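Here the structure comes first, spelled out in structure tokens, and everything after it is commentary.
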Amino acid sequence: MNDAHSLRPSDIDLHQAVREAVAAALVAWSGRSADELGLGAHPELLAPGRPPRPEMGDLGISCFGLAKPLRRAPAEIAGELVGPVETEFARRAAAGTLPGLERAAAIGPYLNLSFRAGELAEWVTSRVACGSPPYGAPLPPTGRRILVEYSAPNTNKPLHLGHVRNNILGSSLCAILAAAGEEVIPVNLVNDRGVHIAKSMVAYRIWGQGATPESAGRKGDHFVGDFYVRFGRELKAQADALARERGLDPESLDEETRRAIEERTALMAETRRCLLSWEEGDAETIALWRRMNDWVYAGFDETYARLGCAFRKWYFESETYRLGKALVEEGLAGGLFRRDPDGSIWAPFEEGDRDGLKDKLLLRSDGTSVYITQDLGTTALKFDDFAMDRAIFVVASEQAHHFRLLFRLLERLGFPWARRCHHLAYGLVELPHGMGKLKSREGRAVDADDLLDELAALARRKAVDGGFATSAGVDLDALADAIGQGALKMYLLQVGAEKNIVFDPDATIEFEGDTGPAVQYSHARICSILRKALAEGRVALDELQTFPPPEPFAGLGTGSPVSASAGGPPPARAAAASASGGTDGAAGPAEAIRSAAGLRPGRAEARLLSDPHEKALCLELARFPGVTAAAAAQLNPAPLATYLLDLTKGYARFYHHCPVLRAESEERLRARLHLCLAVAATLRRGLGLLGIEAPDAM
RNA sequence: GCGCCUGUAGCUCAGUGGAUAGAGCGGCGGAUUUCUAAUCCGCGGGUCGCUGGUUCGAUUCCAGCCAGGCGCGCCA
């Protein structure tokens with residue numbers, strides 16, 4: 001607890017430490033308080049940036065913002081600040097809280113700082129491994145609790161590409177927030193009732209002939225999805241026939257007419273009967289519904305485990321769809337809503353509402369609820385369950401309007417937490433060439449499992465063709481899946497959530513350049529170097545500093561309600577991370593690489609790191625705490641994804657210019673090993689926050 | 001008609017109220033037969049959609065316009 005309070009970001013974050021030091025120097029020099037200078041209100045005023053050319057300095061501070069409070073020209077301020085900054089940095093370097101300065105210089109209105117390379121390397125690498133906390137490990141608890149709802153599948157069909165983006169975004173966000181010290185509660189809200197489920201059930205009754213996923217040898221969610229697709233096909237046939245009976249051309253019906261005709265088919269009549277008997281609690285119908293949903297959950301379980309998604313709690317629409325009615329009645333009684341002559345209840349919005357909202361139906365004339373009614377109730381239920389400080393809904397941007405309405409209505413109903421709700425919208429995943437968006441109803445969706453399989457197969461082929469992963473004991477299947485997912489996740493997370501993505505299933509995903517596998521590859525090569533160093537006795541195992549390994553955020557939960565209630569064995573692929581590369585036993589060097597990420601802190605060898613590539617790499621490492629903090633603050637994994645690609649490029653340059661095992665001296669070898677380990681640890685932890693595995697060998 | 005999102009290199013995308021706007025892919029030319037070449041180095045490539053405003057300074061903020069996407073009272 002005390003540690004949590006005494007820890008400041010500047011203890012591990014170089015940029016923060018620099019900002020604080022410059023602020024102190026500025027206060028001392030100007031004789032004004034930080035508040036007078038506007039630093040309290042705008043701490044980013046002194047945020048260090050990167051000068052355009054490396055020879056100008058490692059970090060630069062723009063003095064434009066100081067011109068006004070100091071009533072001096074920016075270039076003058078920069079010039080006069082050089083001395084005080086040097087003094088302050090010298091003091092802090094002596095205390096070990098900052099690396100020493102090699103040079104401080106004003107270039108125009110910029111105050112540019114260069115560190116002594118060795119001290120920078122020592123400062124950064126020791127904090128990566130042994131900072132409190134080390135890079136990527138969870139920061140001390142903020143005391144805040146954040147609920148993140150994501151995935152939200154339907155139980156009539158398997159997950160598709162749209163869910164993949166949602167799941168990857170949602171699970172990564174959970175990991176990033178947890179690393180920032182937030183208590184994260186990942187939840188799933190399953191749409192397990194309604195017409196679409198009834199359609200699958202009707203189709204199964206007619207054509208299923210008592211088959212099961214086991215008897216059919218089909219994954220449960222696909223098994224059920226097949227019946228949903230079959231229903232759609234048969235429905236179209238029946239509707240076409242009906243249309244022809246009436247002398248209409250089935251191919252040229254407008255949507256409204258088609259729907260009207262579909263409603264008159266025998267299949268839809270059966271579907272309505274099914275829905276009704278479900279609502280009445282008919283035992284046979286409920287039993288079938290349970291059975292089919294359990295099949296689906298078993299299938300989801302596998303896919304979630306494979307993707308690394310887990311939930312602390314599952315909400316089911318079958319249990320929550322009646323909620324919200326009472327809130328609407330309450331609002332009506334309180335005069336917030338109005339009842340129309342037909343009995344329907346509405347939330348009125350003024351003409352010219354600030355969000356452009358129009359009157360919204362809350363209860364139909366027959367008293368049944370609509371989508372938003374149940375969401376009102378479900379959201380209230382979530383706050384009752386967890387009393388969280390924030391609720392984040394990871395849902396496609398198509399529903400932005402729905403969530404604006406939802407939050408406004410909750411606010412109107414007087415819930416103080418309504419303002420703490422946030423819709424994290426993400427763009428569509430579109431197919432190229434006007435193939436349209438990925439809706440399963442159109443039967444053209446890219447299936448999630450197929451996609452993962454295809455990527456794994458592609459990665460496997462590349463590994464085999466390229467002569468990779470040849471060492472004995474490598475689980476090629478697990479490795480290929482880790483790489484395929486690495487490619488997919490980095491591809492999706494690199495792009496801002498708000499943007500639509502064009503996804504070409506044929507082109508799939510690249511493995512070279514700015515890609516996940518490139519990052520994984522760098523990590524694997526570092527592991528390889530360390531393995532060799534250990535094997536050759538260049539460095540001893542007891543020189544490794546161990547601390548709890550940086551596991552990806554596990555979500556504190558279970559894969560699915562099925563395994564939750566059954567308390568079953570962990571999903572088959574849950575151990576993929578540890579199966580994906582190590583060639584040694586648990587106590588061997590590979591295990592040390594996994595669990596240990598750095599040499600002991602403060603080793604003098606780090607001071608030998610003076611090559612420009614080494615320095616550049618250290619500067620890149622130093623950005624990590626700030627980047628993860630920004631990702632958490634913005635609820636956006638993208639900055640972290642691009643950072644890891646940058647770090648990878650920095651490492652690759654170092655790798656090609658600075659031999660490690662063939663360094664000119666043993667001291668230098670150790671120093672470079674130290675740096676490599678710091679990079680590997682940072683890559684590993686960063687990848688973990690994106691839900692990407694870091695195999696030890698590729 | 002209204003609301004929200006997007007518009008940056010041939011393509012896919014980063015980025016920022018400030019220094020000469022970056023990366024990957026694609027193209028071209030290179031790298032002591034490697035600590036794993038899924039790598040590295042070099043070259044070429046830009047009216048940051050258009051117009052105006054705020055500012056010492058705008059690709060970034062504001063307004064209008066253009067183009068594309070998504071949505072807008074009984075689907076979820």
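The structure presented is a predicted model; accordingly, all values stated were derived computationally and were not measured. Reckoned from all heavy atoms, side chains included, excluding hydrogens, waters and symmetry mates.
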Is a salt bridge present between [X] and [Y], judged by a nitrogen-to-oxygen distance below 4.0 Å?
{"X": "A:K358", "Y": "A:D353", "value": "no"}
{"X": "A:R50", "Y": "A:D58", "value": "no"}
{"X": "A:K462", "Y": "A:E512", "value": "yes"}
{"X": "A:D481", "Y": "A:R460", "value": "no"}
{"X": "A:R672", "Y": "A:E614", "value": "yes"}
{"X": "A:E536", "Y": "A:K532", "value": "no"}
{"X": "A:R258", "Y": "A:E262", "value": "yes"}

Mind calculating the distance between [atom1] ([X]) and [atom2] ([N]) to the nearest angstrom?
{"X": "A:E398", "N": "B:A76", "atom1": "CD", "atom2": "P", "value": "15 Å"}
{"X": "A:H402", "N": "B:C75", "atom1": "NE2", "atom2": "P", "value": "15 Å"}
{"X": "A:L409", "N": "B:G73", "atom1": "CG", "atom2": "P", "value": "14 Å"}
{"X": "A:Y643", "N": "B:G15", "atom1": "OH", "atom2": "P", "value": "16 Å"}

Report all interatomic pairs (protein N or O, nucleotide N or O of nucleotides 12-14 of chain B) with separations under 3.5 Å.
unit_1: B:A14; atom_1: OP1; unit_2: A:G496; atom_2: N; d: 2.5
unit_1: B:A14; atom_1: OP2; unit_2: A:K499; atom_2: NZ; d: 2.5

So which nucleotide from [options] ends up closest to the side chain of [X]?
{"X": "A:W346", "options": "B:C74, B:A38, B:U36", "value": "B:C74"}
{"X": "A:H657", "options": "B:C40, B:C4, B:C70", "value": "B:C40"}
{"X": "A:I107", "options": "B:G73, B:A19, B:G1", "value": "B:A19"}

*Closest-nucleotide 5' rank along RNA chain B - winner of A:T648 and A:H196*: A:T648
*Return the 5'-most residue of the pair A:D353, A:N636 with respect to RNA chain B, ranking by each residue's nearest nucleotide.*
A:D353
*Hey, can you tell me if A:F393 and A:F407 have their rings parallel, tilted or perpendicular (30° and 60° cut-offs)?*
tilted
For nucleotides 24-31 of chain B, print each protein N/O atom paired with a nucleotide N/O atom at under 3.5 Å, atom names and distance only.
unit_1: B:G24; atom_1: O4'; unit_2: A:D514; atom_2: OD2; d: 3.2
unit_1: B:G24; atom_1: O2'; unit_2: A:D514; atom_2: N; d: 3.3

*May I ask whether A:Y110 stacks on the base of B:A19, given the cut-offs of 5.5 Å between ring centres and 30° between planes?*
yes
Which part of the nucleic acid, if any, lies within contact of [X], taking any heavy atom under 4.0 Å across all strands shown: a base, the sugar-phosphate backbone alone, or nothing?
{"X": "A:L357", "result": "nothing"}
{"X": "A:D342", "result": "base"}
{"X": "A:A652", "result": "sugar-phosphate"}

_Whole-angstrom distance between B:U6 and B:A21, as gauged at atom P_ = 24 Å
_With rounding to the closest Å, how many angstrom separate the P atoms on B:G15 and B:U54?_
29 Å
N/O-N/O pairs, protein side and nucleotides 61-64 of chain B side, under 3.5 Å:
none

*Is the distance from OP1 or OP2 of B:U36 to the nearest side-chain N or O of A:S528 less than 4.0 Å?*
yes
*Please state whether the phosphate of B:A38, meaning OP1 or OP2, lies under 4.0 angstrom from any side-chain nitrogen or oxygen of A:Y521.*
yes
_Among A:L381, A:V190, A:D192, which residue satisfies the side-chain contact (heavy atoms from CB on, under 4.5 Å) criterion with A:Y315?_
A:L381
*Of all the base pairs, Watson-Crick or G-U under 3.5 Å, which form stems of three or more consecutive pairs involving RNA chain B?*
B:1-7 with B:66-72, B:10-13 with B:22-25, B:27-31 with B:39-43, B:49-53 with B:61-65
*Test ring pair (Phe, Tyr, Trp, His ring centres under 6.0 Å) applied to A:Y426 - qualifying residues, sequence neighbours left out*: none
*Any N or O donor-acceptor pair linking the side chain of A:N112 to the base of B:A19 at under 3.5 Å?*
yes
*May I ask you to check whether A:F654 and A:H613 place their ring centers less than 6.0 Å from one another?*
no
*Residues in side chain to side chain donor-acceptor pair (under 3.5 Å) with A:H42, at least two apart?*
A:E44
